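In this text the structure is predicted, and so the values were computed from the model without any measurement. In what follows, every chain begins at residue 1, and chains take the letters A, B, ... in the order their sequences are listed.
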2 protein chains.
Amino acid sequence: MNAVNYCNGVLDSQGGSRLSAPTRRERLRTSTLSEIKDEARRLLVIGGPDAISLRAIAREMGMTAPAIYRYFESLDALVEALAGDLYIEMSEIVAAAKHGAGDDPVAQIKAMARAFRDWSVAHPAEFALILGSPQPGIVAFQESCDEADHPGVEFGRPFMETINALWLRERYPTPPRSLMEERLAAHLEPLRASHGEEVPIEVAWAFLSGWSRLYGLVSMEVFHHLRWAVSDPGALFEMELHAYVDQFTGHSDKS
Amino acid sequence: MNAVNYCNGVLDSQGGSRLSAPTRRERLRTSTLSEIKDEARRLLVIGGPDAISLRAIAREMGMTAPAIYRYFESLDALVEALAGDLYIEMSEIVAAAKHGAGDDPVAQIKAMARAFRDWSVAHPAEFALILGSPQPGIVAFQESCDEADHPGVEFGRPFMETINALWLRERYPTPPRSLMEERLAAHLEPLRASHGEEVPIEVAWAFLSGWSRLYGLVSMEVFHHLRWAVSDPGALFEMELHAYVDQFTGHSDKS
DNA sequence: TTAGGAGAATGAACGCCGTTAACTATTGCA
DNA sequence: TGCAATAGTTAACGGCGTTCATTCTCCTAA
């Protein structure tokens with residue numbers, strides 16, 4: 001699961017990473033810590049983000065609520081830590097889909113987009129927690145975080161790399177370069193800081209454009225915001241996915 | 001504000017719409033009812049959807065919480081009613097932007113998209129309530145609702161009409177008609193039921209594609225999900241808006 | 001004009017919740 | 001073996017939605 005929390009209120013009794021083997025106490029501690037998060041996720045899945053409560057977690061674990069404050073500095077800190085784990089879980093699934101899709105960048109993009117949608121539809125509560133409306137408490141928490149450590153960086157990486165490969169192979173059509181330079185270039189510092197200063201603006205554009213389309217479709221489907229218009233959002237998703245990649249290949253691809 | 005609640009737990013002591021003039025009691029009732037919703041919105045704006053509480057509303061109004069049950073059957077019902085009002089408010093602002101944009105459909109689409117983004121960015125809490133992650137309680141409430149009365153229908157109307165005008169004027173490029181017929185046509189019953197059986201599939205496609213892109217961009221901006229990549233989502237929005245409408249005109253438009 | 005009933009609001013209570021503080025039991029190390 | 005760090009407890013505070021029995025007020029029908 002690789003839960004490198006990027007910014008958190010996870011209490012660490014022993015200051016940072018170990019060199020020597022973990023003591024018995026440390027093993028117990030990490031096990032309790034992940035049991036808390038497991039229970040939190042169970043509650044999340046059953047009743048949504050608001051259903052995560054310290055008292056319910058403790059009850060289920062045969063503890064009392066204040067004990068959890070030995071592990072997380074607040075409920076918000078726990079939820080934020082869980083969100084970080086879930087973001088990484090999702091990113092790893094997307095990355096795995098890429099690696100299982102052969103060498104063709106277009107096939108890789110399709111595989112990643114479908115993996116993202118499949119995960120999101122299968123895990124609506126988790127999706128809501130990491131990519132839905134942020135809770136004010138969590139937001140206050142994130143204020144103290146470095147954007148460069150945001151899990152979104154790792155999530156975006158396989159997309160960026162694939163699109164970059166695509167761009168190197170053949171120059172797909174984009175908006176006029178002058179327009180992109182003028183409107184977009186000045187606002188890409190975060191992306192450049194985390195993915196390299198030399199990323200071509202055409203790659204950044206294709207990623208941002210594609211990711212926002214992907215997010216919009218999946219988010220609407222997961223949140224049922226298109227029920228009034230469309231009965232099978234999955235079909236719309238496939239149409240749009242094809243439209244998006246056809247933009248790269250210049251022809252229609254059926255796969 | 002035109003608050004025709006499409007499905008609600010608003011208690012109506014006097015069964016439906018009046019013919020004769022409202023009595024004194026009825027006037028007091030409607031005034032209290034909207035004062036409750038005003039106060040609920042104030043709390044929403046300050047602290048997000050979770051900050052809406054019956055006790056806080058009552059406290060601010062100089063009442064006690066159980067009194068509110070004379071007006072709404074539960075907190076969820078109140079929140080759902082508020083969400084309905086806000087959806088309509090947003091729809092009216094978008095529709096007004098269209099009417100203030102002259103006769104050119106492309107200009108109208110730009111005006112509506114910008115009005116939607118402006119409203120959303122200016123009202124993040126309201127946006128979260130109506131277009132963010134649904135709260136389980138509210139969802140349970142909506143189960144008993146008719147999709148055909150969903151406020152999204154009216155929200156979509158000016159978009160659908162404008163795109164229809166565009167399609168009648170000139171046949172813009174779309175995915176192959178066969179693909180749309182095969183993948184999309186079968187799943188458009190809700191849209192057809194509310195916007196007419198005869199709506200061309202190219203219009204439905206352009207609307208759904210455009211709306212999901214618009215929603216994705218604005219939602220990401222409002223929820224700060226792109227902070228790790230882009231420092232000014234508004235610039236990305238303008239780029240994408242131009243890319244979207246250029247698809248209709250076939251050339252690049254600067255306005 | 002007045003009696004009665006409908007409507008509006010209250011207070012108390014139940015069981016949730018996060019969080020704090022004071023306290024106890026346990027563990028592991030010097 | 002003793003002591004300090006660690007893990008856990010109980011009790012309490014204030015906030016929450018909701019229910020129930022009760023009170024007050026206003027309108028209407030006799």
Step-by-step salt bridge (Lys or Arg N to Asp or Glu O under 4.0 Å) determination, A/Glu154 to A/Arg157 | CA-CA 5 Å; A/Glu154 289 311 312; A/Arg157 195 174 302 284; 2.8 Å; yes

Take atom CG of B/Leu33 and atom P of C/dG7, then tell me their distance rounded to the nearest Å.
-> 15 Å

Provide, to the nearest angstrom, the distance between the CD atom belonging to B/Glu35 and the C1' atom belonging to C/dA8.
-> 14 Å

Distance in angstrom units between A/Ile138 CD1 and C/dG18 P, rounded = 12 Å

State whether A/Arg59 places a side-chain N or O below 4.0 Å from either non-bridging phosphate oxygen (OP1 or OP2) of C/dC17.
-> yes

Review item, nucleotides 8-11 of chain D N/O atoms under 3.5 Å of protein N/O:
residue	atom	partner	partner atom	Å
D/dG8	OP2	A/Tyr71	OH	2.7
D/dG8	N7	A/Arg70	NE	3.3
D/dG8	O6	A/Arg70	NH2	3.0
D/dT9	OP2	A/Thr64	N	2.9
D/dT9	OP2	A/Thr64	OG1	2.6

Atom CG of B/Leu28 and atom C1' of C/dG7 are separated, to the nearest Å, by 12 Å

May I have the distance from A/Glu73 (atom CD) to C/dG18 (atom P), rounded to whole angstrom?
-> 15 Å

Between D/dT18 and B/Tyr69, is there an OP1 or OP2 to side-chain N/O distance shorter than 4.0 Å?
-> yes

Does some side-chain heavy atom of A/Tyr71 sit less than 4.5 Å from a side-chain heavy atom of A/Leu78?
-> no

d(CZ, B/Arg29; C1', D/dC27) in whole Å | 16 Å

To the nearest angstrom, the CG-P distance between B/Leu54 and D/dT18 comes to 6 Å

Is there side-chain contact between A/Phe72 and A/Glu80, with at least one heavy-atom pair below 4.5 Å?
-> no

Is the shortest heavy-atom distance from the side chain of B/His187 to the side chain of A/Leu236 under 4.5 Å?
-> no

Pair B/Gln135, B/Asp76: side-chain N/O donor-acceptor within cut-off below 3.5 Å | no

May I ask you to test the A/Asp85-A/Glu89 pair for a side-chain heavy-atom distance under 4.5 Å?
-> no

Measure the distance from CZ on A/Arg27 to P on D/dT6 and round it to the nearest whole Å.
-> 17 Å

